[in-house]
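Worksheet: one structure, shown below.
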Amino acid sequence: MHSQSPPPVTFGETPFTRSKRRREKIAFAVFAGMVACIVIPLFLIVGYLVKEGAPLISWDFLTTNPVGGMRKGGIWSALLGTFWLVGTSLCISAPIGVLAAVYLNEYAKDNWFNRVINLAVVNLAGVPSIVHALFGLGAFVLFAHMGRSIIAASLTLAIMTMPVIIASTKESLAAVPRQFREACWNVGATRWQTIWHIVLPNSISGILTGVILQVSRTAGETAPIMFTGAVFYRKIEEGNFFAYGLADQCMALSMHLFTVTTQVTNAPHALPFAIATVLLGFVLMVNLTAILLRSWLRGRKKW
Amino acid sequence: MKRILTHTTTILAAALLASCGGKGSGEGKPAGISLQNIGSDTMVNLAQAWAEAYAHAVPGVSVEVSGGGSGIGVAALINGTCDIANSSRKLEKEEEEKATAKYEGKHPTEHQVGWDALAIYVHPSNPLNEISIEQLSEIYKEGGKINKWSELGIAAPGGTDEIVRASRQNNSGTYHYFREAVVGKKNDFKAGSRDMNGSKEVVELVAGTPGSIGFSGIGYRTDKVKVLKVSKKTGEPAVEPGIRSTLDKSYPISRPMFMYTPPAAKPEVESYIKWILSAPGQKLVIENGYIPLEAFAPKDAK
């Protein structure tokens with residue numbers, strides 16, 4: 001419309017720059033809206049859980065056993081059970097998973113056999129947890145005669161998390177530039193020396209993050225432990241961290257939440273919310289540790 | 001610098017392993033003995049109450065309770081993976097044979113620990129007060145004639161005339177009993193019922209759905225549902241489920257609750273069962289809304 005008078009300044013506003021800026025604004029609004037779609041429900045969920053559950057949460061709630069048909073008292077035996085399951089399964093899955101990933105990424109030749117293994121690992125990571133539960137029941141509880149126990153449940157959880165640990169570890173190992181390794185080999189180092197002095201120190205932050213993030217998955221799963229070691233109710237000594245043994249069955253937070261909501265009649269309204277809040281808090285704390293650890297280790301990276 | 005980095009790595013990895021390794025290798029098994037108690041969903045709250053009270057009465061013995069359904073309990077008995085199996089139905093012949101084969105010709109021991117009245121639940125807004133077994137059968141069985149509340153002669157509760165049927169999954173003892181006592185052994189359930197996974201879920205579905213009907217143990221009664229009186233045949237007087245009416249069998253759908261123990265059970269199992277069959281154990285049966293054995297029923301109970 002105003003085409004008769006050309007713009008006096010070279011970098012002034014033209015119809016072209018105006019439409020460019022408009023499109024930029026639209027793009028920004030769309031992307032920000034997408035983020036809001038994720039963040040707002042998250043805050044609503046967490047806020048709702050905390051608001052409903054807060055009246056019940058106290059130190060006593062965390063450190064006493066459930067009483068009165070699980071309607072009163074705390075969640076000590078379930079909380080400790082979750083600690084044990086997560087700890088034991090991590091002890092099994094972390095070393096095996098990390099070492100397997102080192103082998104697959106650093107030693108294994110690129111042949112059809114190793115490609116099949118890699119494919120299997122990726123596929124295993126996508127198997128639903130209830131399938132792992134059935135495998136655990138068959139392999140550990142019945143075949144290996146472990147019975148329903150913490151060790152059987154932890155092994156099942158470990159099998160479930162191992163593929164993800166392998167995948168994330170491989171990823172962070174692959175992120176170490178190839179030149180680092182070549183430089184190392186060229187001064188006469190063996191593969192193991194290269195891995196130990198160059199590759200692992202440079203990828204440890206990613207490896208640990210991958211491992212720790214699996215903690216939250218382990219803590220939240222119900223299906224794999226339901227068949228292999230978690231019970232509806234069990235009373236244990238309060239305040240004793242070793243009140244469970246590996247051959248014992250245990251209660252677990254996720255399972256406790258499930259039974260309280262589906263089985264216990266006339267339970268206080270706040271109880272399931274309080275259990276969910278504690279579970280969420282546990283996962284949040286673990287993830288926070290992972291983030292802090294990662295940023296600390298990143299600061300020490302050399303490139 | 002490289003050395004520092006390597007060392008931190010090693011220390012961190014070691015710390016990670018040690019922190020859980022300490023837990024993993026902890027031989028801190030508590031002194032005393034633990035009993036595996038698994039089975040019926042109907043009985044699991046009661047079993048939990050017993051376990052909790054028994055831990056106070058006899059501190060050395062810890063009872064581990066799991067639910068899942070009578071079928072799960074019986075399977076555990078046959079596999080030899082439990083000390084006590086809870087079942088809200090009798091062992092079937094085939095199961096009895098399997099268990100006997102497992103224990104080299106000896107039979108598992110059956111202990112009746114109380115009674116459960118199967119209550120028929122409807123939404124509190126439902127004007128219906130009583131129902132007969134015949135009507136229930138027509139509602140639940142395949143080919144049954146009653147599909148709408150108006151066919152029972154009442155106005156549709158909550159505006160939906162369709163009867164929403166709540167039922168249970170098929171390894172539940174409650175499901176088996178209801179099929180036997182109401183639907184008829186030869187008949188199938190009508191398709192389209194909502195098969196819930198737990199006794200409490202049935203009651204909750206009914207509490208939240210005005211047009212629904214469901215069956216579940218009397219112990220799961222809440223004040224958000226209405227319990228119907230039940231008669232054997234349409235026209236006969238209907239009876240409310242209660243301690244007296246269950247024990248004298250005037251309430252038509254009640255069943256015994258059992259605990260099964262393997263033939264050569266630990267002595268602790270026997271003393272636990274003995275305790276359950278004594279006054280303190282049976283008092284808990286009443287407190288949890290179930291019906292105790294005749295000898296322990298209060299004289300003035302309804």
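First the proteins, then the strands, lettered A, B, ... as listed; each starts at 1.
- For B/Asp41, the parts lying under 4.5 angstrom from a heavy atom of chain A are both the backbone and the side chain.
- By number of non-hydrogen pairs under 4.5 angstrom with chain B, the leading residue of A/Met226, A/Met251, A/Gln249, A/Lys235 is A/Gln249.
- When each of A/Val141, A/Ile151, A/Thr259, A/Thr261 is scored by its heavy-atom pairs under 4.5 Å with chain B, the top score falls to A/Thr261.
- Ranking B/Val44, B/Thr81, B/Thr222 against chain A, the residue ahead of the rest is B/Val44, based on heavy-atom pairs under 4.5 Å.
- When the shell of 6.0 Å around NZ of A/Lys72 is examined, it contains 12 or fewer heavy atoms from other residues, nucleotides or ligands.
- Only the side chain of B/Gln36 has a heavy atom closer than 4.5 Å to any heavy atom of chain A.
- For CZ of B/Arg194, the number of neighbouring non-hydrogen atoms (other residues, nucleotides, ligands) closer than 6.0 Å is 12 at most.
- The neighbour count for A/Phe258 CZ, taken as heavy atoms of other residues, nucleotides or ligands under 6.0 Å away, does not exceed 12.
- For B/Ala49, no part lies near chain A; criterion is any non-hydrogen pair under 4.5 Å.
- Using a 4.5 Å cut-off between heavy atoms, A/Met70 touches chain B through backbone and side chain atoms alike.
- When the shell of 6.0 Å around CD of A/Glu182 is examined, it contains more than 12 heavy atoms from other residues, nucleotides or ligands.
- For B/Ser199, the parts sitting under 4.5 Å from any heavy atom of chain A are the backbone and the side chain alike.
- Atom CZ of B/Arg255 has more than 12 heavy atoms from other residues, nucleotides or ligands within 6.0 Å.
- Considering OG of B/Ser34 and CG of A/Asp248, their distance stands at 6.0 Å, rounded to 0.5 Å.
- A/Val264 approaches B/Asn45 most closely through the heavy-atom pair CA-ND2, 4.1 Å.
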Report the C-alpha distance between A/Arg234 and B/Gln48 in whole Å, list the side-chain angles of each, state the deciding distance to 0.1 Å, and finish with yes or no for side chain to side chain contact (heavy atoms under 4.5 Å, CB included). CA-CA 8 Å; A/Arg234 185 178 169 181; B/Gln48 191 270 333; over 6 Å; no
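- Proximity to chain B (any heavy atom under 4.5 Å) is shown, for A/Val67, by both the backbone and the side chain.
- In this structure, B/Ser66 and A/Arg148 approach most closely via the heavy-atom pair OG-NH2, 3.4 Å.
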Carefully, step by step, assess B/Glu64 and A/Tyr233 under the rule side chain to side chain contact (heavy atoms under 4.5 Å, CB included). CA-CA 6 Å; B/Glu64 301 172 1; A/Tyr233 172 77; over 6 Å; no
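- Interatomic distance, CZ of A/Phe232 versus CD1 of B/Ile38, reported as 12.0 Å (0.5 Å rounding).
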